[in-house]
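Here's the structure, in structure tokens; my notes come after.
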Amino acid sequence: MAGVSSPARAVTGPQLLSIGQVLARLSPEFPDLSPSKLRFLEERRLVTPSRTESGYRKFSPTDLERLRLVLTMQRDYYLPLKVIRGYLDDLDAGREPVLPGGVTVSGPSMLPSDRRLSREELIKEAGATPMLLGDAITASLIVAAEHYGDDELSVLKALVELQRSGIEPRHLRGFRAAAERELGLIESALIPVARRKDSSSRARALEMAREIAGQLEVVRSNLIRSALSKL
């Protein structure tokens with residue numbers, strides 16, 4: 001289970017990584033990762049690197065994978081750090097935790113493949129039609145591009161299933177407007193932090209944005225579940 005790092009822990013072996021080496025390995029997947037963000041995640045007890053006698057942080061392969069999991073959960077699920085920490089605590093205890101909304105994630109297997117799909121590949125893998133993708137783009141649910149990733153694939157797969165229930169992309173036009181309203185709320189909440197120009201404040205603003213987005217998702221999911229229970 002994650003805890004406060006202790007200077008007394010022995011740090012030996014070539015497998016341990018410095019902050020710079022961790023950044024070099026993770027930055028291609030997470031370009032906004034910085035030393036201040038790593039320290040921030042440590043302060044929140046999401047990772048507990050070892051310390052050398054001189055006080056330098058050293059990360060093990062397990063720490064590296066834990067960081068990758070945390071960063072992926074932030075990026076792909078917009079979860080608050082409190083929720084992520086609880087999820088990791090459950091994993092450490094040998095349980096199979098479930099994320100808000102009923103999503104189950106099995107450790108590192110959740111990591112994205114960073115694929116680049118052509119339009120044709122996207123349509124084929126999603127089991128969609130060119131018309132459905134076109135409608136999704138027109139409704140601003142997917143942004144037109146030369147290549148698409150796993151996020152667009154997930155959306156198109158969902159649209160395929162919704163279409164079977166008679167729900168078309170045109171019925172979801174309000175989703176884009178709702179997302180933009182939520183973004184406005186987040187930006188307003190970040191004004192005090194965003195005014196500061198130091199790197200630590202920028203990292204903090206990004207974390208706050210993700211936490212707020214995660215909390216909004218929790219509220220939205222609960223509202224939908226509550227409405228469904230009355231059907």
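All values reported here derive from a predicted model rather than from experimental measurement.
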Q) At their closest point, which heavy atom of Pro49 faces which heavy atom of Asp63, and how far apart are they? A) CA-OD2, 3.8 Å
Q | Point-to-point distance, once rounded to the nearest 0.5 Å, from CD of Glu146 to CZ of Arg116 | A | 8.0 Å
Q: Just jot down the salt bridge (charged side-chain N to carboxylate O under 4.0 Å, His left out) partners of Arg173, sequence neighbours excluded, or say none.
A: none
(Q) For a side chain to side chain contact (heavy atoms under 4.5 Å, CB included) check, start with the C-alpha distance between Val70 and Val47, then their side-chain angles and the critical distance, and finish with the verdict. (A) CA-CA 9 Å; Val70 169; Val47 64; over 6 Å; no
Q. Excluding sequence neighbours, so at least two apart, what forms side chain to side chain contact (heavy atoms under 4.5 Å, CB included) with Ser154?
A. none
**Q.** Reported CG-to-OG1 distance for the pair Leu133 and Thr138, which is rounded to 0.5 angstrom
**A.** 9.0 Å
Q | Glu152: side-chain hydrogen bond (donor to acceptor under 3.5 Å, both in side chains) partners, not counting sequence neighbours | A | none
Q: Could you go through the side chain to side chain contact (heavy atoms under 4.5 Å, CB included) check for Leu117 and Glu125 one step at a time?
A: CA-CA 9 Å; Leu117 303 172; Glu125 188 156 346; 4.2 Å; yes
Q.
Tell me whether Ser27 contacts the main-chain N or O of Ala24 through its side chain, where contact means a donor paired with an acceptor under 3.5 Å.
A. no
Q. Looking at side-chain heavy atoms only, is the closest gap between Arg119 and Pro130 below 4.5 Å?
A. yes
Q: Could you pull out the closest heavy-atom pair between Ala126 and Val160, with the gap in Å?
A: O-CG2, 3.5 Å
Q.
Within the 4.5 Å heavy-atom criterion, are Thr52 and Leu16 side-chain neighbours or not?
A. no
Q | side-chain hydrogen bond (donor to acceptor under 3.5 Å, both in side chains) partners of Glu161, counting only residues at least two apart | A | Arg164
Q: Please assess Arg57 against Glu42 for the test salt bridge (Lys or Arg N to Asp or Glu O under 4.0 Å), listing each intermediate value before the final yes or no.
A: CA-CA 10 Å; Arg57 294 172 177 80; Glu42 181 184 358; 2.4 Å; yes
Q) Does Leu67 reach the side chain of Phe30, with side-chain heavy atoms less than 4.5 Å apart? A) no
Q.
Between Arg66 and Asp92, does the salt bridge (Lys or Arg N to Asp or Glu O under 4.0 Å) criterion hold? Intermediate values first, please.
A. CA-CA 11 Å; Arg66 194 177 185 90; Asp92 292 341; 3.0 Å; yes
Q) Is any side-chain heavy atom of Thr72 closer than 4.5 Å to a side-chain heavy atom of Arg68? A) yes
Q | CA sep, side-chain torsions, deciding dist, call: Leu17, Arg25, side chain to side chain contact (heavy atoms under 4.5 Å, CB included) | A | CA-CA 10 Å; Leu17 306 173; Arg25 297 197 182 192; 3.7 Å; yes
(Q) For residues Ile212 and Leu183: do they belong to one hydrophobic cluster (side chain heavy atoms under 4.5 Å, members Ile, Leu, Val, Met, Phe, Trp, Tyr)? (A) no
(Q) Using a 4.5 Å cut-off between side-chain heavy atoms of Ile, Leu, Val, Met, Phe, Trp and Tyr, which other residues end up in the same hydrophobic cluster as Leu185? (A) none
Q | Side chain to side chain, Leu71 and Leu41, heavy atoms closer than 4.5 Å | A | yes
Q) Any side-chain heavy-atom pair from Ile19 and Phe59 closer than 4.5 angstrom? A) yes
**Q.** Inter-residue atom distance Lys124.NZ - Glu120.CD, 0.5 Å rounding
**A.** 11.0 Å
Q | Qualifying residues under side-chain hydrogen bond (donor to acceptor under 3.5 Å, both in side chains), relative to Asp32, sequence neighbours excluded | A | Arg210
Distance-only donor-acceptor pairs under 3.5 Å for side chains of residues 174-181, two or more places apart:
residue	atom	partner	partner atom	Å
Arg176	NE	Ser140	O	2.9
Arg176	NH2	Ser140	O	2.7

Q.
Can you list everything that forms a salt bridge (charged side-chain N to carboxylate O under 4.0 Å, His left out) with Glu182? Sequence neighbours excluded, please.
A. Arg220
Q.
Walk me through whether Leu156 and Tyr148 qualify under side chain to side chain contact (heavy atoms under 4.5 Å, CB included).
A. CA-CA 11 Å; Leu156 192 56; Tyr148 300 89; over 6 Å; no
Q. Below 4.5 Å, heavy atoms only, C-beta onward: do Ile137 and Val143 meet side chain to side chain?
A. no
Q) To the nearest 0.5 Å, how far apart are NZ in Lys157 and CG in Asp150? A) 8.5 Å
(Q) Among residues at least two apart in sequence or on other chains, which ones pass side chain to side chain contact (heavy atoms under 4.5 Å, CB included) with Arg44? (A) Phe40, Leu46, Leu81, Arg85, Arg204, Glu211
Q: Heavy atoms only: give me the nearest Pro169-Ala139 pair and the separation to one decimal.
A: O-CB, 3.5 Å
Q: Please name all residues satisfying side-chain hydrogen bond (donor to acceptor under 3.5 Å, both in side chains) with Glu187, sequence neighbours left out, ordered by chain then number.
A: none
Q: With sequence neighbours left out, write down each residue that passes side chain to side chain contact (heavy atoms under 4.5 Å, CB included) with Val155, or none if nothing qualifies.
A: Ile142, Leu159
Q) For residues Ser36 and Ser34, is any side-chain donor paired with an opposing acceptor at under 3.5 Å? A) yes
Q.
If we ignore hydrogens and angles and just use 3.5 Å, is the side chain of Glu29 paired with the main-chain N or O of Leu26 as donor and acceptor?
A. no
**Q.** CE-OH distance between Met73 and Tyr87, expressed to the nearest 0.5 angstrom
**A.** 5.5 Å
Q: Report yes if some heavy atom in the side chain of Pro61 is under 4.5 Å from a heavy atom in the side chain of Gln15; otherwise report no.
A: yes
Q) Would a distance-only check, ignoring hydrogens and angles, find a side-chain to backbone donor-acceptor pair under 3.5 Å from Asp135 to Leu132? A) no
Q | Residues clustering with Val219 (ILVMFWY side chains joined when closer than 4.5 Å, directly or via others) | A | Leu223
